[in-house]
Amino acid sequence: MSLITGFEHIVRENEPLAPFTRLHIGGVAEYFAEPTTKEELVALVKRFAENGLPVRLMGAGTNLLIHTQGIPGLVLHLSAPAFGQIDVRDNTITAGGGARLSHFVATAVREGLTGPQHLVGITGTIGGALHANTSAVGFDIGSWVQSAEVLNRSGELVTHEKENMSFSYRQSSLSELAILSATFQFDSESAEALTKQMQKLWIVRRAAQPASDIRAAYVFKDHGGDTASRLIEQAGLKGTRVGEVEICDRDPNFFIAHEGATADDFIRLIDLVKTRVQDQQEIELQTAIGIW
Ligand SMILES: Cc1cc2nc3c(=O)[nH]c(=O)nc-3n(C[C@H](O)[C@H](O)[C@H](O)COP(=O)(O)OP(=O)(O)OC[C@H]3O[C@@H](n4cnc5c(N)ncnc54)[C@H](O)[C@@H]3O)c2cc1C
């Protein structure tokens with residue numbers, strides 16, 4: 001029996017990962033799986049765990065930098081409809097880990113549930129957003145979570161209730177392999193008022209960040225009271241380029257990957273910014289982008 005016997009319909013070998021990321025950079029995954037049900041996902045994770053092989057989970061790939069030499073072991077992708085459901089009941093929304101944050105925001109606004117409108121225009125999945133406690137204008141996704149179902153690295157399902165979870169700036173206690181779903185609770189407000197608010201926020205955000213067809217990443221976490229963008233600008237680095245990767249003029253915390261950009265270009269630019277900000281401002285910037 002081979003490692004993937006019984007899973008041939010959902011596992012591919014040596015799958016290029018670049019097309020699954022916004023940056024379009026990176027090598028192949030030794031194994032890449034798109035399970036269609038929770039049961040399949042659990043059985044697959046158990047198989048790889050028993051064989052001592054590493055397993056990672058990729059969301060929408062909006063903030064991932066993948067090395068050119070690729071990834072050993074298994075990369076999971078929750079692209080099947082089973083992981084992308086969004087259900088509304090009264091003032092709660094239950095969303096799958098693979099559901100798009102944009103659909104979640106649109107659903108909440110349509111249903112007159114206030115909060116998620118602040119996250120309009122941020123790309124990614126619910127799982128990715130919970131993993132990093134995605135936030136904007138002082139509102140973070142973790143603050144609305146009531147419970148979350150996760151899958152750990154041994155292949156066991158666990159449910160966390162609100163009191164057992166913690167969320168802080170770009171960080172959450174949900175560090176297991178996969179966030180499968182979460183239930184959120186909101187206050188009510190008129191859908192019309194929320195729609196107007198969302199539209200205004202969307203115009204501001206669209207003007208502030210690279211267009212969705214640009215290969216861009218959100219690179220550093222803010223530090224203390226200062227934004228990473230300001231620290232990079234103060235270090236005189238706006239527009240700096242290494243190879244085919246460039247610091248965005250509009251907002252220097254976005255790095256833009258041009259045609260031919262490599263993970264090495266990206267990492268050299270990250271190192272350059274960290275060194276310059278450390279030398280000039282004595283601040284150690286932490287990366288927000290996931291580097292595989
Ligand atoms: C243009 C742009 C603007 C942005 N603006 C903001 C902003 O204003 N505020 C903000 O907070 N963030 C911002 N971000 C970052 C954004 O929050 C992340 O890109 C997004 O949350 C990542 O989600 P994803 O599904 O694409 O995850 P991926 O990029 O695929 O993965 C990122 C990490 O999340 C983990 N992950 C993904 N899904 C799951 C899951 N189901 N279970 C467990 N772990 C998972 C992965 O293992 C990986 O470690 C921005 C990014 C971009 C590119």
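Indexing begins at 1, ligand by ligand and atom by atom, following the structure's order.
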| said: Any carboxylate oxygen within less than 4.0 angstrom of a Lys/Arg side-chain nitrogen, looking at K274 and D271? | reply: no

| said: Can you tell whether the side chains of R153 and E156 come within less than 4.0 Å, N to carboxylate O? | reply: no

| ILVMFWY cluster, F20 and L74 together (side-chain gap under 4.5 Å) | no

| said: Would you say CG of D279 has more than 12 non-hydrogen atoms from neighbouring residues, nucleotides or ligands within 6.0 angstrom? | reply: yes

| said: Need the ligand 1 atom indices (1-based, order shown) with element for anything under 4.0 Å from a heavy-atom of Q209. | reply: 3 (C)

| Between R56 and ligand 1, which part of the residue brings a heavy atom under 4.0 Å of the ligand: side chain, backbone, both or neither? | neither

| Within a reach of under 6.0 Å around NZ of K196, are more than 12 heavy atoms found that belong to other residues, nucleotides or ligands? | no

| query | In terms of ring plane angle, is the pair F255 and F220 parallel, tilted or perpendicular, where the classes change at 30° and 60°? | reply | perpendicular

| request: Mark the output for R205 as yes if a heavy-atom distance to ligand 1 is under 4.0 Å, and as no if none is. | output: no

| query | Does L101 have a non-hydrogen atom less than 4.0 Å from ligand 1? | reply | no

| message | So for F254, does at least one of its heavy atoms come nearer than 4.0 angstrom to any atom of ligand 1? | response | yes

| message | Tell me the nearest of T21, L23, L57 to atom 45 (C) of ligand 1, using heavy-atom distances. | response | L57

| Polar atom proximity, T125 to ligand 1 (N or O, under 3.5 Å) | yes

| query | Got the closest protein heavy atom to atom 15 (C) of ligand 1, with its distance? | reply | N63 ND2, 4.0 Å

| task | May I ask you to list the atoms of ligand 1 that are less than 4.0 angstrom from any heavy atom of G124? | result | 23 (O), 24 (P), 25 (O), 26 (O)

| note | Checking heavy atoms under 4.0 Å, the part of W292 that sits near ligand 1 is side chain

| H9 and E40: side-chain donor and acceptor closer than 3.5 Å? | yes

| task | With atom 9 (N) of ligand 1 as the reference point, say which of G97, G127, A288, S135 has the nearest heavy atom. | result | S135

| Looking at atom 33 (C) of ligand 1, what's its closest protein heavy atom, distance included? | H131 CD2, 3.7 Å

| request: Find all atoms of ligand 1 within a distance of less than 4.0 Å from any non-hydrogen atom belonging to A129, and give their numbers and elements. | output: 21 (O)

| query | What protein heavy atom sits nearest atom 48 (C) of ligand 1, and how far off is it? | reply | L64 CD2, 4.0 Å

| query | In terms of hydrophobic clusters joined by side-chain contacts under 4.5 Å, are F266 and I291 together? | reply | yes

| query | Between T62 and ligand 1, is there a nitrogen or oxygen pair with a distance under 3.5 Å? | reply | yes

| Identity and distance of the protein heavy atom lying nearest atom 41 (N) of ligand 1 | I179 O, 3.1 Å

| message | Does only the side chain of I122 get under 4.0 Å from ligand 1, or the backbone, or both, or neither? Count heavy atoms. | response | side chain

| message | Taking CD in Q69 as the centre, count heavy atoms belonging to other residues, nucleotides or ligands within less than 6.0 Å. Is the count above 12? | response | yes

| task | Give a yes or no answer on whether the side chain of R110 reaches the backbone of A191 with a donor-acceptor pair at less than 3.5 Å. | result | no

| task | On the 0 to 90° scale, with breaks at 30° and 60°, tag the F186-W144 ring pair as parallel, tilted or perpendicular. | result | tilted

| said: Regarding ligand 1, does A136 bring an N or O atom to under 3.5 Å of one of the ligand's N or O atoms? | reply: no

| query | Is ligand 1 under 4.0 Å from a heavy atom in the side chain of A132, in the backbone, in both, or in neither? | reply | neither

| message | Could you check whether any heavy atom of G290 sits closer than 4.0 Å to an atom of ligand 1, since that is the contact criterion I want to use? | response | no

| Common cluster, L119/W202, ILVMFWY with side-chain heavy-atom separation under 4.5 Å | yes

| field | Those atoms of ligand 1 less than 4.0 Å from some heavy atom in A216 | value | 53 (C)

| query | Donor-acceptor pair, K221 side chain versus A288 backbone, under 3.5 Å? | reply | no

| query | Between L180 and ligand 1, which residue portion shows a heavy-atom distance shorter than 4.0 Å: side chain, backbone, both, or neither? | reply | neither

| task | Consider every N or O of N133 and every N or O of ligand 1, then say whether any pair is closer than 3.5 Å. | result | no

| query | Among all protein non-hydrogen atoms, which one is nearest to atom 50 (C) of ligand 1, and what is the separation to 0.1 Å? | reply | Y218 CB, 3.8 Å

| said: So for atom CD, which belongs to E259, do other residues, nucleotides or ligands contribute more than 12 heavy atoms lying within a distance under 6.0 Å? | reply: no

| message | Between E176 and H160, is there a side-chain donor-acceptor contact under 3.5 Å, judged purely by atom types and distance? | response | yes

| query | Taking atom 27 (O) of ligand 1 as the point of reference, which of P210, S172, G128 owns the nearest heavy atom? | reply | G128

| task | Can you establish whether the number of heavy atoms outside E163 located under 6.0 Å from its atom CD is more than 12? | result | yes

| request: Compute the shortest N/O to N/O distance between A178 and ligand 1 and return yes if it is under 3.5 Å, no if not. | output: no

| message | Quick check on contacts: which atoms of ligand 1 are under 4.0 angstrom from a heavy atom of R22? | response | 1 (C), 53 (C)

| note | For G97 and T125 the tightest heavy-atom approach is O-CB, 3.4 Å

| request: Give yes if a backbone or side-chain nitrogen or oxygen of A60 is under 3.5 Å from a nitrogen or oxygen of ligand 1, and no if not. | output: yes

| said: Below the 3.5 angstrom mark, is there an N/O of G61, backbone or side chain, next to an N/O of ligand 1? | reply: yes

| task | May I ask you to identify the nearest protein heavy atom to atom 21 (O) of ligand 1, giving residue, atom name and distance to one decimal place in Å? | result | T134 OG1, 3.2 Å

